[in-house]
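Beneath this line is the structure, given in structure tokens, with notes to follow.
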Number of protein chains: 2
Amino acid sequence: MKKKKQKGQLIVLSGPSGVGKSTVIAELLGERRDMYFSVSFTTRTPRVGEADGVNYNFVSRETFEGMIAREELLEYAEYMHNYYGTSLKVIQDKLAAGIDVLLDIEVQGAATVRAKCPEAVLIFIIPPSFEELSRRLHGRATDPEDVISGRLQRAREEYRNIPSYDYLVVNDKVSQAAAEIIAILTAEDCRVRNRMHLVDDV
Amino acid sequence: MKKKKQKGQLIVLSGPSGVGKSTVIAELLGERRDMYFSVSFTTRTPRVGEADGVNYNFVSRETFEGMIAREELLEYAEYMHNYYGTSLKVIQDKLAAGIDVLLDIEVQGAATVRAKCPEAVLIFIIPPSFEELSRRLHGRATDPEDVISGRLQRAREEYRNIPSYDYLVVNDKVSQAAAEIIAILTAEDCRVRNRMHLVDDV
């Protein structure tokens with residue numbers, strides 16, 4: 001019996017704040033229970049309902065800067081005066097074991113991952129329209145107006161990075177967006193370079 | 001409302017004789033009724049159960065050579081002393097109308113399509129093993145032994161072209177192979193270059 005997978009895929013998911021990424025990821029992980037979701041480290045304060053070790057590993061600025069110094073991060077970025085970063089070792093171990101790893105990171109971090117792991121699959125999620133994004137951010141109502149306009153401005157900048165991603169998914173319906181991402185992962189598994197070990201030497 | 005698709009995808013399916021491509025295609029077309037299957041032209045004799053205009057457009061050598069002379073073919077190739085080719089105009093019209101077009105062609109033709117349409121999606125189908133291919137060809141029992149060994153030799157040569165394809169699908173279970181191809185097509189629709197028209201200019 002031929003081994004189905006030689007190595008896990010590294011999948012990067014980015015998208016503007018308010019696009020509904022967490023909901024899409026929850027749906028995705030429900031369907032693909034074999035996949036490992038890498039919980040990022042951050043120095044920002046938890047939002048209402050966020051749990052340490054689930055949404056993020058919440059750490060102090062000192063701890064985070066120690067990780068940077070010891071080169072324990074695959075990527076990190078500063079965004080709205082807070083650090084966000086991804087642990088390197090956990091990811092390497094999972095990929096080597098043939099497990100797909102999902103990263104939820106912003107555009108700066110995604111560019112670093114692309115540079116370090118050219119075979120990573122980069123997916124950008126957008127809302128059906130930019131007006132809809134503004135509606136969603138206002139509807140969430142956890143942030144004051146100046147924070148929301150900061151996020152919208154940031155979203156505009158992120159949009160400029162879309163051409164450096166591989167795939168674009170529109171989060172109109174969550175189930176549809178998750179299904180498209182699952183299709184993307186299946187397709188990437190089918191790439192010739194990921195399947196040459198299944199070809200008999202004739 | 002944003003237009004979902006600007007242009008159809010050109011999908012090329014290749015695989016050795018005996019791999020079960022026709023069955024996979026039938027399953028695929030059943031699931032994706034919006035897709036257009038391009039019926040190739042050929043000068044070979046119909047097999048038992050094959051119908052003109054369904055499996056192939058069966059034409060004489062003279063007719064085929066006229067099409068070559070008038071440059072009416074996207075690609076054509078000679079295989080086992082018979083011509084096989086694809087009509088250009090029909091395909092161009094479908095793609096322009098946003099309809100995906102599926103071509104069932106061998107490796108030579110696929111290489112021509114790749115050269116003329118770099119964005120075509122090339123999928124190669126293999127059996128679970130080469131021994132299984134031999135079993136299937138013998139099981140079909142429509143061909144004498146020397147034809148079968150000719151097909152196996154040809155299959156060996158085709159295998160060498162796998163690295164120039166985008167995707168590799170193993171036809172172990174037909175439904176699984178068809179599902180993988182459908183996932184590939186969904187993923188290709190999600191490619192950033194095929195979706196930039198969905199991104200608001202912010």
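Letters go in sequence order (proteins before strands), and every chain restarts at 1.
In this structure, B:I184 CD1 and A:C190 SG are separated by 4.5 Å, a value rounded to the nearest 0.5 Å. The OG1 atom of B:T186 sits 12.5 Å away from the CD1 atom of A:I181 when rounded to the nearest 0.5 Å.
Note on B:R191 versus A:E180: no salt bridge recorded, every NZ/NE/NH1/NH2 to OD/OE distance being 4.0 Å or above.
Contact residues of residues 149-170 of chain B toward chain A are B:R156, B:Y159, B:I162, B:P163, B:Y165, B:D166, B:Y167, B:L168, B:V169, B:V170 (heavy-atom distance under 4.5 Å).
Sparse packing is recorded around OH of A:Y76, with 12 or fewer heavy atoms of other residues, nucleotides or ligands lying under 6.0 Å away. Enclosure of atom CD in B:E71 is not indicated, since only 12 or fewer non-hydrogen atoms of other residues, nucleotides or ligands lie within 6.0 angstrom.
Residues A:A187 and B:A183 come closest through the heavy atom pair CB-O, 4.1 Å.
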